[in-house]
K.L.:
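Mind having a look at this structure? Questions to follow.
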Amino acid sequence: MCRVTTPGGATDVDVLVVGAGITGIYQLYRAREAGFSVQLLEAGGGVGGTWFWNRYPGARFDSESYTYGYLFSKELFDEWEWQEHFAEQPETERYLNHVVDRFDLRRHIRFGAKVTSAVYDEASGCWTVVVDDGTELRARYFVAATGVLSVPFFPDVPGRENFRGESHHTGLWPPEPVDFTGKRVAVIGTGSSGVQIIPVIAREVESLTVYQRTANWCTPLNNRPITPEEQRQLRADFVAIRETLNTSVSGFLHPVHDRATSDDSKEERAAFFEKMWNSPGFSKLTSNYTDLLLDHDANAEWCEFIAGKIRSIVKDPDTAAKLIPDHRFAEKRPPFVAGYYETYNNPNVSLVDLKQTPIVRLTEHGIETAEGVREFDIVVWATGFDFGTGALSRMGIRGRHGLALTDYWADGPKTFLGVQTAGFPNFFFPGGPHAAAGNNPRYNGDQVDFITDTLVYACEHGYDTIEVDPAAEEEWTNMIDKRASLGPFGESSYFFGTNIPGKPKRYLLNSGGRPKLFSVIAEVVETDYQAFKLSRTSGPTG
Ligand code: NAP
């Protein structure tokens, strides 16, 4: 059993985790099971992280529920019956609460505790973490599992503060239900959140106006309830499912296709695209033609297929034309929808194309564009997040010599495996920048496992200070930057940080993917953690 904190010693806790989302909860579980004393600080009033804050109507998974949940316990997998292939937010929040209680983790969590600063003390090798109520905690290891989509972004639209109706951001949704009945509602933004909320609230509102700057390639989620037979099969297949999820490149169960577009005739391609259109969630990316994301013509043919679907669903040709994107499929993260395009056939729903008529300002009662003012009771901001580094850059993190993380990362994040950065010993950030490139919990879980194994290794070898070698960090970061242009995402995607004014343009996902993560982790373990400087800062353990 590992324990580095001595009673009455310099630290309050061995491992301090921040964030009770799916990654933080798993980190808490793993560190405690390894024998460390652990505390978790959570700014919100409950567990769930992104599934706590994003409680807008229609919020749901677009990864299959049983591929998103935890795999560390067969009993947990057996006893939790997901109701739908793609669970809605309330079910996910219930699931995460169940996990926390099932494994007796709640007593380690402090809610309503927002970290305002975290400073490394070189003399003791510990972190001093301050919470917004003034509480100070000293920890040997500081693990920020603060998520990539946890800082909502409000565009700097003139007059935003002047609007006197209700305003809500999808990523900061209030706990009490918002009453849309008979209201005049505006939704700004048509990313994954916007296109999820639009069809759901359209049923309740008096009128709904969608402000779209960039149309997205939306395809059907194809959600449905999990049948009793499927429930039985999932349980019977647990070992195989876990094996596939733990080894698949994407972290999904979808099988990879074995054909390129040129292998099939035009008719066969049309039939295959129809099959893809009717397939669940991300299989449109993971199981589509092998050249779809790489070859311009293959991508264009799939886009034309989707454009045809949009034209056939949306009755007004002018609206349909506005809904057809002019970028490649997957240049921006594609959303998955239920009844989204159909919504525009409702007489109370209209679409404003901001490329033709940009927002001029918000007034006290509505939104003014070049074509005039429309008045609203509620404005929904579905305008995204400060992705990847948003939370880490707002926590007042300082490493060796008082160096601020925001200064060290002024030109974008530098990491090793997306878990550590040089000059910030004993600080880890699973599920942050350079972490995932597929089904997030699978990638982030790999990182948590690696971090926990590293803490155990250090403890067993008498070390308590772990700091990545700058050379290893440089190699990993160069790899991320070099491979960024090889993936499908374009520089207009928030994966490059370009949605936030002034943010450096750097790739924020793991462009090496899971295979690279696995191979480098294997190398680290084989070489007895040579990529890290391991040392002992405190006195002998008690
Ligand atoms: P997003 O994809 O970044 O979309 C933000 C939207 O707001 C875009 O349409 C953007 O337009 C628009 N926007 C930003 N600034 C604007 C401005 N000044 N004026 C007008 N429009 C503006 O954010 P999101 O929809 O919240 O989704 C973020 C990510 O969360 C998703 O990609 C996904 O990874 C995750 N998510 C997942 C699910 C799920 O199904 N599991 C659901 C929701 C979210 P531009 O494109 O022109 O910038």
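Start at 1 and go down the list; that is how both ligands and their atoms are numbered.
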K.L.:
I need the contact type for Tyr56 against ligand 1. Using non-hydrogen atoms and a strict under-4.0 Å cut-off, is it side chain, backbone, both or neither?
P.N.:
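Tyr56 to ligand 1: side-chain contact only, backbone stays beyond 4.0 Å.
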
K.L.:
Do His254 and Thr286 meet the criterion of a side-chain donor-acceptor pair at a distance under 3.5 Å?
P.N.:
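Judged by distance alone, the side chains do pair up.
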
K.L.:
With respect to Lys332, determine whether any N or O atom, backbone or side chain, lies less than 3.5 Å from an N or O atom of ligand 1.
P.N.:
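Yes; at least one N/O pair falls below 3.5 Å.
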
K.L.:
Do His257 and Ser287 have side-chain N/O donor and acceptor atoms under 3.5 Å apart?
P.N.:
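No, Ser287 and His257 have no side-chain donor paired with an acceptor closer than 3.5 Å.
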
K.L.:
Quick one: nearest non-hydrogen protein atom to atom 47 (O) of ligand 1, plus distance?
P.N.:
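Ranked first by proximity to atom 47 (O) of ligand 1 is Thr214 OG1, 2.4 Å.
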
K.L.:
Of the protein's non-hydrogen atoms, which lies at the shortest distance from atom 39 (C) of ligand 1, and what is that distance?
P.N.:
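Answer for atom 39 (C) of ligand 1: Arg60 O, 3.3 Å.
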
K.L.:
Below 4.0 Å from any atom of ligand 1, is there a heavy atom belonging to Tyr211?
P.N.:
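Tyr211: no contact with ligand 1 (<4.0 Å).
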
K.L.:
Assert yes or no for the condition that the ring centre distance of His365 to Phe376 is strictly below 6.0 Å.
P.N.:
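For His365 and Phe376, the ring centres are not under 6.0 Å apart.
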
K.L.:
Please list the nearest protein heavy atom to atom 23 (O) of ligand 1 with its residue and the distance rounded to 0.1 Å.
P.N.:
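Here the closest protein heavy atom is Gly384 CA, 3.2 Å.
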
K.L.:
Got a salt bridge between Arg333 and Asp62, using NZ or NE/NH1/NH2 to carboxylate O under 4.0 Å?
P.N.:
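Salt bridge between Arg333 and Asp62, a charged N being under 4.0 Å from a carboxylate O: yes.
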
K.L.:
Would Asn216 and Thr190 count as having a side-chain donor-acceptor pair, cut-off 3.5 Å?
P.N.:
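No, Thr190 and Asn216 have no side-chain donor paired with an acceptor closer than 3.5 Å.
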
K.L.:
Go through the side-chain N and O atoms of Ser207 and Lys183 and say whether any donor and acceptor fall under 3.5 Å apart.
P.N.:
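Ser207 vs Lys183: no donor-acceptor pair found between side chains.
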
K.L.:
Please state which part of Val195 comes within less than 4.0 Å of ligand 1, counting heavy atoms only: side chain, backbone, both or neither.
P.N.:
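Neither; nothing of Val195 gets under 4.0 Å from ligand 1.
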
K.L.:
Does Ala382 approach ligand 1 within less than 4.0 angstrom via side chain, backbone, both or neither, non-hydrogen atoms only?
P.N.:
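Looking at Ala382 and ligand 1, just backbone atoms fall under 4.0 Å.
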
K.L.:
What residue and atom, counting heavy atoms only, is the protein's closest point to atom 15 (N) of ligand 1, and at what distance?
P.N.:
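That would be Arg213 NH2, 3.4 Å.
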
K.L.:
Is Arg333 in polar range of ligand 1, meaning some N or O pair under 3.5 Å apart?
P.N.:
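Yes; at least one N/O pair falls below 3.5 Å.
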
K.L.:
Salt bridge check, Glu364 against Arg164: does any charged N sit closer than 4.0 Å to a carboxylate O?
P.N.:
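Result for this pair is yes, salt bridge flagged.
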
K.L.:
Measure the acute angle between the ring planes of Phe238 and Phe77, then classify it against the limits of 30° and 60° as parallel, tilted or perpendicular.
P.N.:
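It falls in the tilted class, 30° to 60°.
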
K.L.:
What about the rings of Phe154 and His169, do their centers lie closer together than 6.0 Å?
P.N.:
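Yes, the ring of Phe154 comes within the 6.0 Å limit of the ring of His169, centre to centre.
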
K.L.:
Could you check Gln196, Glu84, Glu91 and say which one makes a side chain to side chain donor-acceptor pair (under 3.5 Å) with Arg60?
P.N.:
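With Arg60 as partner, side chain to side chain donor-acceptor pair (under 3.5 Å) holds for just one option, Glu84.
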
K.L.:
May I ask you to decide if the ring planes of Phe72 and Tyr26 are parallel, tilted or perpendicular, using 30° and 60° as cut-offs?
P.N.:
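Plane angle under 30°, so parallel.
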
K.L.:
How close does the nearest protein non-hydrogen atom get to atom 30 (O) of ligand 1, and which residue and atom is it?
P.N.:
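Residue, atom and distance for the closest contact: Leu149 CD1, 3.3 Å.
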
K.L.:
Using distance alone, determine whether Ser193 and ligand 1 share an N or O pair under 3.5 Å.
P.N.:
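Such a contact does occur with ligand 1.
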
K.L.:
Less than 6.0 Å separating the ring centroids of Trp82 and Tyr66?
P.N.:
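No: the rings miss the under 6.0 Å criterion.
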
K.L.:
Specify the protein heavy atom at minimum distance from atom 42 (C) of ligand 1: its residue, its atom name, and the distance to 0.1 Å.
P.N.:
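Closest protein heavy atom to atom 42 (C) of ligand 1: Gln196 OE1, 3.3 Å.
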
K.L.:
For atom 32 (O) of ligand 1, find the nearest protein heavy atom and state the residue, atom name and distance (0.1 Å precision).
P.N.:
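Checked against all protein heavy atoms, atom 32 (O) of ligand 1 sits closest to Tyr494 OH, 2.4 Å.
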
K.L.:
Show me which atoms of ligand 1 lie under 4.0 Å from any heavy atom of Gly189.
P.N.:
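In order of numbering, the contacting atoms are 6 (C), 7 (O), 9 (O), 12 (C).
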
K.L.:
When the aromatic ring centroids of Phe282 and Phe336 are compared, is their separation below 6.0 Å?
P.N.:
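Ring centroids of Phe282 and Phe336 are less than 6.0 Å from each other.
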
K.L.:
Which residue and non-hydrogen atom of the protein lie closest to atom 38 (C) of ligand 1, and at what distance in Å?
P.N.:
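Checked against all protein heavy atoms, atom 38 (C) of ligand 1 sits closest to Ser192 CB, 4.1 Å.
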
K.L.:
I want to confirm something. Looking only at heavy atoms, which of Ser63, Pro152, Pro155, Pro501 is nearest to atom 18 (N) of ligand 1?
P.N.:
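Minimum heavy-atom distance to atom 18 (N) of ligand 1 goes to Pro155.
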
K.L.:
Is the contact between Phe385 and ligand 1 made by the side chain, the backbone, both, or neither, using heavy atoms and a 4.0 Å cut-off?
P.N.:
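Just the side chain.
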
K.L.:
Pick one of side chain, backbone, both or neither for how Ile359 approaches ligand 1, counting any non-hydrogen atom pair under 4.0 Å.
P.N.:
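Ile359 to ligand 1: no contact under 4.0 Å from either part.
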
K.L.:
Using a 4.0 Å cut-off to any heavy atom of Asp62, which atoms of ligand 1 qualify?
P.N.:
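Contacts of ligand 1 toward Asp62, numbered from 1: 39 (C), 40 (O), 41 (N).
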
K.L.:
Atoms of ligand 1 less than 4.0 Å from Leu354 heavy atoms?
P.N.:
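Going through ligand 1 atom by atom, the ones under 4.0 Å from Leu354 are 20 (C).
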
